[in-house]
Trainee: 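I'd like to ask you about the structure that follows.
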Amino acid sequence: MKTGAFIVPTGIGASIGGFAGDASFWARKFSEKFKLIVNPNVVNAACFSGITENMLYVEGYSLDEFFKRKINLTPANHNKIGVIFDKSISKSVLNVHINTMNAVETVYGVDICAYEITDEEVGVEFFIDKSGASMGNVNNLETLKRAAQKLIEKGAEAIAIVCHFPDEQGDDYAGGVGVDPVGGVEAIISHYISKEFKIPCAHAPAFSDISISTEIVDKRCSAEYITPTFLPCILLGLNNAPKLEINGEISINDVDFLIIPYNALGGIPVLEMLKLGKPVYAVKENESVLNVTPEIFSNNCISINSYQELFTILN
């Protein structure tokens with residue numbers, strides 16, 4: 001079976017995959033035919049997850065390290081997951097998340113080995129920058145590091161992180177336009193823990209307002225408006241997330257192709273695949289706020305009209 005990578009970068013306003021699990025349909029379809037490396041943004045959908053057993057769930061920093069040949073991936077099963085909760089999450093919201101964590105453990109058999117509350121507030125801020133991409137700041141990354149270290153000492157093989165975020169998503173996002181405002185700073189958090197510990201990790205935001213909206217929103221982001229917590233999707237993704245190892249089983253040499261939004265081609269996975277002369281498929285129906293298109297690259301960067309067209313070609 002061939003191995004592909006299906007990536008939708010976080011916080012760039014991708015028309016498919018820029019909302020809540022809205023790239024899952026196509027990722028699941030491709031994973032029926034191929035082993036598929038995905039970043040969490042592709043399949044995370046709040047209380048739902050598009051993850052399948054034939055997917056390798058790898059956070060963005062670790063993806064870059066993989067494509068740069070600094071780590072390999074070793075498929076794993078039933079990781080012991082440690083959960084970090086931001087100290088600034090209120091007691092009532094924390095209780096909802098703990099109930100959610102216990103529910104996922106009960107229903108899916110996910111192994112939650114422990115949870116830790118950070119010893120200090122994390123201090124998350126987020127905004128949209130001049131380019132239109134989602135960005136942000138984290139004032140206290142060290143408190144996350146200390147909590148992660150405690151969980152690893154208790155046997156955690158993967159880390160789920162839940163930080164408190166200001167209650168603001170915006171009408172544009174709910175209406176299906178613009179950028180998910182929290183995606184960029186979420187990437188900062190997960191990149192930091194990945195870099196420090198070389199361990200699978202993912203982040204879910206916690207908002208103070210846990211009431212469920214009764215407004216009709218764009219269907220691509222609807223998963224985020226019917227639940228008070230986004231924790232389930234990251235627990236389900238981390239359950240079988242691959243181990244990150246120097247001499248792991250799967251290297252970039254084993255990746256046969258990469259699928260990416262049409263104008264989001266500036267990242268490390270694209271550049272490294274093209275160096276190896278491997279095909280990168282830029283899907284035109286999926287555009288973002290970026291403007292890096294196939295025309296500036298080699299013939300191995302191939303424009304494709306749609307995911308359906310690509311699926312037909314690859315089969």
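These figures come from a predicted structure and were not determined experimentally. These numbers come from the heavy atoms of this one structure, side chains and all, not from hydrogens, waters or symmetry mates.
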Trainee: Check whether Val43 and Ile226 end up in the same hydrophobic cluster, where Ile, Leu, Val, Met, Phe, Trp and Tyr are linked by side-chain heavy atoms less than 4.5 Å apart.
Mentor: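 Val43 and Ile226: separate clusters.
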Trainee: So with a 6.0 Å cut-off around NZ of Lys80, is the heavy-atom count from everything else above 12?
Mentor: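 Result for NZ/Lys80: open.
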Trainee: Could you give the distance from NE2 (His191) to SG (Cys201), rounded to the nearest 0.5 Å?
Mentor: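 Answer for the NE2-SG pair, His191 versus Cys201, is 9.5 Å.
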Trainee: Please check if the number of heavy atoms outside Lys219 that lie under 6.0 Å from its NZ is greater than 12.
Mentor: no
Trainee: Apply side chain to side chain donor-acceptor pair (under 3.5 Å) to residues Glu285 and Ser306 and explain how you reach the verdict.
Mentor: CA-CA 5 Å; Glu285 70 173 337; Ser306 68; 4.6 Å; no
Trainee: Considering only heavy atoms from C-beta outward, does the side chain of Thr312 approach that of Glu309 to under 4.5 Å?
Mentor: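 No; the side chains remain at least 4.5 Å from each other.
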Trainee: Could you tell me whether a side-chain N or O of Thr227 sits under 3.5 Å from a main-chain N or O of Glu224, the two making a donor and an acceptor?
Mentor: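 Side chain of Thr227 to backbone of Glu224: no pair is present.
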Trainee: Salt bridge or not between Asp119 and Arg146? Use side-chain N to carboxylate O under 4.0 Å.
Mentor: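 Yes.
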Trainee: Would a single hydrophobic cluster contain both Leu265 and Ile12, if residues Ile, Leu, Val, Met, Phe, Trp and Tyr are joined by side-chain heavy-atom contacts under 4.5 Å?
Mentor: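 Cluster IDs for Ile12 and Leu265 differ.
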Trainee: Start with the C-alpha gap between Leu236 and Val110, add the side-chain angles, then the distance that decides, and say whether side chain to side chain contact (heavy atoms under 4.5 Å, CB included) holds.
Mentor: CA-CA 7 Å; Leu236 294 172; Val110 172; 4.3 Å; yes
Trainee: Step through it carefully: locate the ring centre of His203, locate the ring centre of Phe165, and say whether they are under 6.0 Å apart.
Mentor: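 They qualify: ring centres under 6.0 Å apart.
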Trainee: What heavy-atom pair brings Lys68 and Ile268 nearest, and what distance separates the two atoms?
Mentor: CG-CG2, 3.6 Å
Trainee: What's the verdict on side chain to side chain contact (heavy atoms under 4.5 Å, CB included) for Leu258 and Phe6, showing C-alpha distance, side-chain angles and the deciding distance?
Mentor: CA-CA 6 Å; Leu258 168 63; Phe6 188 115; over 6 Å; no
Trainee: Pairing donors with acceptors under 3.5 angstrom, does anything connect the side chains of Thr293 and Asn263?
Mentor: no
Trainee: Under 4.0 Å between a Lys/Arg side-chain N and an Asp/Glu carboxylate O for Glu157 and Lys243?
Mentor: yes
Trainee: Here's a test for you: under side chain to side chain contact (heavy atoms under 4.5 Å, CB included), which of Ser251, Pro269, Ser62 qualifies with Phe67?
Mentor: Pro269
Trainee: Do side-chain atoms of Thr118 reach the backbone of Lys87 as a donor and acceptor pair under 3.5 angstrom?
Mentor: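 Pair found, side chain donor or acceptor close to backbone of Lys87.
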Trainee: Would you check if the side chain of Asp86 reaches a backbone N or O of Val122 as a donor-acceptor pair within less than 3.5 Å?
Mentor: yes
Trainee: Once you round to the nearest 0.5 Å, how far does OG1 of Thr143 lie from CD of Glu116?
Mentor: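 Nearest 0.5 Å value for the OG1-CD distance: 10.0 Å.
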Trainee: Under 6.0 Å between ring centres: does that hold for Phe230 and Phe48?
Mentor: no
Trainee: Please assess Tyr307 against Phe25 for the test ring-ring contact (aromatic ring centres under 6.0 Å, His included), listing each intermediate value before the final yes or no.
Mentor: CA-CA 10 Å; Tyr307 287 111; Phe25 172 81; 9.8 Å; no
Trainee: In Å, rounded to the nearest 0.5 Å, how long is the span from OG1 of Thr100 to CG of Leu94?
Mentor: 10.5 Å
Trainee: Could you tell me whether Lys150 and Glu153 have a side-chain N and a carboxylate O separated by less than 4.0 Å?
Mentor: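 No salt bridge links Lys150 with Glu153.
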Trainee: Report the residue from Glu32, Arg28, Met1, Lys33 that forms a side chain to side chain contact (heavy atoms under 4.5 Å, CB included) with Asn54.
Mentor: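 Answer to the side chain to side chain contact (heavy atoms under 4.5 Å, CB included) test with Asn54 among Glu32, Arg28, Met1, Lys33: Met1.
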Trainee: Any sub-3.5 Å donor-acceptor pair from Ser15's side-chain atoms to Glu287's backbone N or O?
Mentor: yes
Trainee: Same hydrophobic cluster for Ile71 and Val58, using side-chain heavy-atom links shorter than 4.5 Å among ILVMFWY?
Mentor: yes
Trainee: Between Ile159 and Leu151, is there a side-chain heavy-atom distance shorter than 4.5 Å?
Mentor: yes
Trainee: Count the heavy atoms of every other residue, nucleotide or ligand shown that sit under 6.0 Å from CD of Glu53, and state whether that count exceeds 12.
Mentor: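 No, not enclosed.
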Trainee: If you measure from CD1 on Ile260 to CE on Met273, what distance do you get to the nearest 0.5 Å?
Mentor: 10.5 Å
Trainee: Can you tell me how far CD1 of Ile37 sits from CZ of Phe66, rounded to the nearest 0.5 angstrom?
Mentor: 4.0 Å
Trainee: Which atom names give the shortest non-hydrogen contact between Pro261 and Ile7, and what distance separates them?
Mentor: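 Scanning both residues completely, I find the closest heavy atoms to be CD-O, 3.3 Å.
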Trainee: Are Ser92 and Asn95 side-chain neighbours, meaning at least one heavy-atom pair lies under 4.5 Å?
Mentor: no
Trainee: Can you tell me if Asn315 has over 12 outside heavy atoms packed within less than 6.0 Å of its CG?
Mentor: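 More than 12 within 6.0 Å, yes.
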Trainee: Should we count OH of Tyr115 as having more than 12 external heavy atoms under 6.0 Å?
Mentor: no
Trainee: Salt bridge or not for Glu196 and Lys145, using N-O below 4.0 Å?
Mentor: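 Lys145 and Glu196: salt-bridged.
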Trainee: Taking all heavy atoms of Asn41 and all of Val8, pick out the closest pair and write down the distance.
Mentor: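 That closest heavy-atom pairing would be ND2-O, 2.9 Å.
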Trainee: Between Asn239 and Tyr108, does a side chain to side chain contact (heavy atoms under 4.5 Å, CB included) hold up when you go through it step by step?
Mentor: CA-CA 10 Å; Asn239 184 41; Tyr108 295 100; over 6 Å; no
Trainee: Please give me the minimum heavy-atom distance between Ile161 and Cys163, naming the atom from each residue.
Mentor: CG2-SG, 3.9 Å
Trainee: For the CG atom of Leu63 and the CG atom of Leu56, what is their distance to the nearest 0.5 Å?
Mentor: 10.0 Å
Trainee: On a heavy-atom basis, which atom in Ala187 and which in Glu59 lie closest, and how many Å separate them?
Mentor: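 Result for this residue pair: O-OE2, 4.2 Å.
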Trainee: Looking at Phe311, does the NZ or CZ of Lys29 lie under 6.0 angstrom from its six-membered ring centre and within 45 degrees of the ring axis?
Mentor: yes
Trainee: Please find the pair of heavy atoms, one from Ala223 and one from Ala20, that lie closest to each other, and give the distance.
Mentor: CB-CB, 4.2 Å
Trainee: For Glu120 and Asn140, run side chain to side chain donor-acceptor pair (under 3.5 Å): C-alpha distance rounded to whole Å, both residues' side-chain angles, the deciding distance at 0.1 Å, then the answer.
Mentor: CA-CA 8 Å; Glu120 297 175 357; Asn140 191 350; 2.6 Å; yes
Trainee: Could you walk me through whether Tyr57 and Asn44 pass side chain to side chain donor-acceptor pair (under 3.5 Å), step by step?
Mentor: CA-CA 10 Å; Tyr57 182 89; Asn44 282 356; 2.9 Å; yes
Trainee: So, do Leu314 and Phe257 sit near enough that their side-chain heavy atoms are less than 4.5 Å apart?
Mentor: yes
Trainee: Verify the neighbour count for atom CD1 of Ile212: are there more than 12 heavy atoms of other residues, nucleotides or ligands below 6.0 Å?
Mentor: yes
Trainee: Check the pair Leu73, Leu244 against side chain to side chain contact (heavy atoms under 4.5 Å, CB included), reporting the backbone distance first and the verdict last.
Mentor: CA-CA 5 Å; Leu73 308 177; Leu244 313 175; 3.7 Å; yes
Trainee: Using a 3.5 Å distance criterion without hydrogens, assess whether the side chain of Lys278 forms a donor-acceptor pair with backbone atoms of Val255.
Mentor: yes
Trainee: Looking at Tyr192 versus Tyr61, is the centre-to-centre ring distance below 6.0 Å?
Mentor: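 No, too far apart.
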Trainee: When clusters are formed by joining ILVMFWY residues with side-chain heavy atoms under 4.5 Å apart, either directly or through shared neighbours, do Ile152 and Val83 land in the same one?
Mentor: no
Trainee: Under 3.5 Å, is there a donor-acceptor pair linking the side chains of Thr74 and Glu249?
Mentor: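 Looking only at side-chain atoms, Glu249 and Thr74 do not form any donor-acceptor pair under 3.5 Å.
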Trainee: Could you tell me whether Glu65 and Lys195 have a side-chain N and a carboxylate O separated by less than 4.0 Å?
Mentor: no
Trainee: Can you tell me if Asn72 uses its side chain to pair, donor with acceptor, with the backbone of Glu245 under 3.5 Å?
Mentor: no
Trainee: Checking the side chain of Asn79 only, and the main-chain atoms of Ile81 only, is there a donor and an acceptor separated by less than 3.5 Å?
Mentor: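 Not a single qualifying donor-acceptor pair exists.
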